[in-house]
Novice: 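What follows is a single structure, and I will ask about it in a moment.
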Amino acid sequence: MSSLLEVKDLVIKFGLRTGDVTATTGVSFTIEKGEKLGLVGESGAGKSVTGFSIIVLISKPGYVADGHILFKGTDLTKISSEEMRNIRGNRISMIFQDPMMTLNPVLTIGTQMTETLLAHNPKMSMKEASEIALEKLRKVHIPSPEKRLEQYPHEFSGGMRQRIIIAIALITDPEIIIADEPTTALDVTIQAEIMDLISELCETEDMGFILITHDLAVVASVTENIAVMYAGRIVEKGRTRDVIDNPQHPYTKGLIKALPEGAKGSNRLNQIKGMMPTLTNIPDGCAFNPRCPYVMDICKTDEPSLIQVKGMDTQAACFLCKEEVFTNE
Amino acid sequence: MFAFIIRRFIQAALVIVIISIIAFAIKQNVGDPVRAITGISVSAAEREAMRDQLGLNDPVFIQYLRFSKDALHGDFGNSFFYKKPAVDVILSKAPATIELVFVTSLIVIGLSIPLGVYSAIYPKNLFSRFLMGASIVGVSIPVFLIAIMMIYLFSIKLGWLPSFGRGELVSIGGWDTGMLTLDGWLHLIMPSVALSSIMLPLFIRLIRSEMMEILESEYVKFAWAKGLTKHRVWFVHAFKNTLLTVITVGGVQLGITIAFTILTETVFQWQGLGFLFMEAVERADASLLVAYLMFVGIVMVGVNTIVDIIYGMVNPTVRITGVK
Ligand SMILES: Nc1ncnc2c1ncn2[C@@H]1O[C@H](COP(=O)(O)OP(=O)(O)OP(=O)(O)O)[C@@H](O)[C@H]1O
Ligand SMILES: [Mg+2]
């Protein structure tokens, strides 16, 4: 049986005037029904483009140059745009980062909710659609939803808007939700509240959930699996607990050390030195080598591939890791 | 919303008061009202007596109040040339200009919206590129040049269109309209095309750039992510927001269009307010100038107030809070 979602060797490029630049290389991961996966990494690592590629909505001039995105066995990069439109927002939904910018200022909440249903169910009546919208608003704990349907986005706070966006994402009962930094733009006091709401809804609806964030602490508290991205590559992936407790890749180790609780007061000391390379000057060999405290000669010439780490469930792309050798005896 | 409308009306009234002060200043400085009544063959002493009688030696403030009181009753004095109340002259010429501006607006709105939206959706398309090039050329060619080129081509060379005047008119309740006869329409074509030649390229570019910016916005991206059809994303999500800007700018541009009617009407001998204005300037017909200024001022303030109210109705942010 095929997985709910399987991303295989995804290569995303941006066609710039000066030539193509590669934003992600060989990104692979799978998620199953009810599974929560965290996609983490520094700014520019390629998390968002990977997320958008799943709904085939990479902003121009980006495009999927190679690889497959299999949704229940169907390759989303190969289907027609109308077929894709019917999956997007219907079976795979997305939650955006900034709730202040995500809703259209001149349309009522009701319109913005029901139009999603009507776009995917042309035969549905407006009345039915409004009923469903009300039900979803209740699910995300919006008080007096009947009145709210008639209102415009500017009448809501940021937290309320993000709840509405979650309700819109849920309105068609999708199988996968992709959330791109869903709490970064919110007030710290309500971040946890919104995160809990999303994660709880994913559990009750048994959806697959991809959480894109640079916040390891959030990933640790919400997801069971994790993929760490660096310069467009997945450098480590495995169970969230394993990776956090026992990171294999030096980059992941650095990220964890930089977490406030690992820092014991002065976390600035524990930031990884240097900057992630831009897409146009990714170094030869391992992309992380200029910043790596354990750098070896081979790191500067050869690129490590993602291997199963000996004695663990984790995969990492580092020459320091010993590969698990499976023997058929 | 009600408070918002009231506030807009108060602002409009203030602007009209300011215009009236300017108009009054012109009246004080252009022409001699005594001459307008008597002609030249009157002695200096008689003139002075007349000035007293007319209140021209009163303090300026008193004179302004008298001017405003008369103006409120639609009395701007007699036109020195037409020997009729200036307001009557203005009202008899207004339909010509109103019809010209109306047809021009139809051309501008009717073409700029589809063309602007199209070139925003397909910016790289050959036609869009052509349109952008053409619109630059369009804005940079002066109106009178376009007018003269059209007259040369369509009137002189081809003989298809009449080059001056309004043609056959039908009078309906004192309103002389050229829009009910074929001849009237033939006469309308060139002046209105010439007049739209400024606004049309500007509007196409405005709508295009505004719409392109909105198409890049997060909420449009989210609309795509919801799996809406492209028509819904373009014409409901993006266009409705584009319209907000176009409405505001449109109100302002209408004022500029009125300024250009003076030029267009002169070239095409179009017997409207612009033509009248040029005549009045040449003849230093102060009452007529003042009446023109007040009329155009009130029309423009009126249009802008209506535009703001429409804007308030389209934009939910204004509707609730009453502030822009
Ligand atoms: N339209 C574009 N044109 C060219 N390059 C782009 C474009 N959009 C993104 N990129 C590049 O692709 C890379 C990945 O971007 P992406 O937005 O996926 O990063 P991210 O991991 O989501 O970072 P962040 O945490 O800042 O959101 C970045 O280096 C970025 O510069
Ligand atoms: Mg991002």
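Residue numbers begin at 1 in each chain, while the letters A, B, ... track the order of the sequences.
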Novice: So which of A:Asn90, A:Ile92, A:Leu107 has the largest heavy-atom pair count under 4.5 angstrom toward chain B?
Specialist: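 Counting heavy-atom pairs under 4.5 Å, the top option is A:Leu107.
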
Novice: Quick check on B:Leu244 against chain A: is it the side chain, the backbone, both or neither that has a heavy atom closer than 4.5 Å?
Specialist: side chain

Novice: By a 4.5 Å heavy-atom criterion (distance strictly below it), what part of A:Gln112 contacts chain B: side chain, backbone, both, or neither?
Specialist: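 Both backbone and side chain of A:Gln112 come within 4.5 Å of chain B.
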
Novice: Using the side-chain hydrogen bond (donor to acceptor under 3.5 Å, both in side chains) rule, collect all pairs that involve residues 113-127 of chain B, keeping only residues at least two apart or in two chains.
Specialist: B:Tyr118-B:Asn125

Novice: Has B:Gln11 got more than 12 heavy atoms of other residues, nucleotides or ligands less than 6.0 Å from its CD?
Specialist: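 Yes, CD of B:Gln11 has more than 12 neighbouring heavy atoms, counting only those of other groups under 6.0 Å.
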
Novice: With only heavy atoms counted, which part of A:Thr116 is less than 4.5 Å from chain B, the side chain, the backbone, both or neither?
Specialist: both

Novice: For A:Ser81, is it the side chain, the backbone, both, or neither that has a heavy atom closer than 4.5 Å to a heavy atom of chain B?
Specialist: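 Contact with chain B is absent: no heavy atom of A:Ser81 under 4.5 Å.
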
Novice: Are the charged groups of A:Glu83 and A:Arg88 less than 4.0 angstrom apart, N to O?
Specialist: no

Novice: Quick check with a 6.0 Å cut-off and a 45 degree axis cone: is B:Lys221 positioned over the face of A:Phe52's six-membered ring?
Specialist: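 Yes - B:Lys221 lies over the ring of A:Phe52, closer than 6.0 Å to its centre and within 45° of its axis.
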
Novice: Passes side chain to side chain donor-acceptor pair (under 3.5 Å), A:Thr77 versus A:Asp75? Steps please.
Specialist: CA-CA 5 Å; A:Thr77 60; A:Asp75 193 339; 2.7 Å; yes

Novice: Heavy-atom distances under 4.5 Å only: say whether A:Ile55 touches chain B with side chain, backbone, both or neither.
Specialist: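 Answer is side chain: those atoms of A:Ile55 sit under 4.5 Å from chain B.
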
Novice: Could you tell me if the side chain of A:Met100 sits less than 4.5 Å from the side chain of B:Glu218, heavy atoms only?
Specialist: no

Novice: What donor-acceptor contacts under 3.5 angstrom involve side-chain atoms of residues 197-211 of chain B, with partners at least two apart or in another chain?
Specialist:
{"unit_1": "B:Ser197", "atom_1": "OG", "unit_2": "B:Ala194", "atom_2": "O", "d": "2.6"}
{"unit_1": "B:Arg205", "atom_1": "NH1", "unit_2": "B:Met132", "atom_2": "O", "d": "3.1"}
{"unit_1": "B:Arg205", "atom_1": "NH1", "unit_2": "B:Ser135", "atom_2": "OG", "d": "2.8"}
{"unit_1": "B:Ser209", "atom_1": "OG", "unit_2": "B:Arg205", "atom_2": "O", "d": "3.2"}
{"unit_1": "B:Ser209", "atom_1": "OG", "unit_2": "B:Leu206", "atom_2": "O", "d": "3.2"}
{"unit_1": "B:Glu210", "atom_1": "OE2", "unit_2": "B:Thr245", "atom_2": "OG1", "d": "3.0"}

Novice: Using heavy atoms and a sub-4.5 Å threshold, report which of residues 165-179 of chain A line up against chain B, by residue number.
Specialist: A:Ile165, A:Ile168

Novice: When you check the gap from the basic side-chain N to the acidic O, do A:Arg163 and A:Glu193 get nearer than 4.0 Å?
Specialist: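 Yes, A:Arg163 and A:Glu193 are salt-bridged.
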
Novice: Filter on salt bridge (Lys or Arg N to Asp or Glu O under 4.0 Å), then keep only pairs touching residues 111-132 of chain A, sequence neighbours left out; what's left?
Specialist: A:Glu115-B:Lys226, A:Glu115-B:Arg232

Novice: Side chain, backbone, both or neither: which part of B:Ser217 has a non-hydrogen atom closer than 4.5 Å to chain A?
Specialist: neither

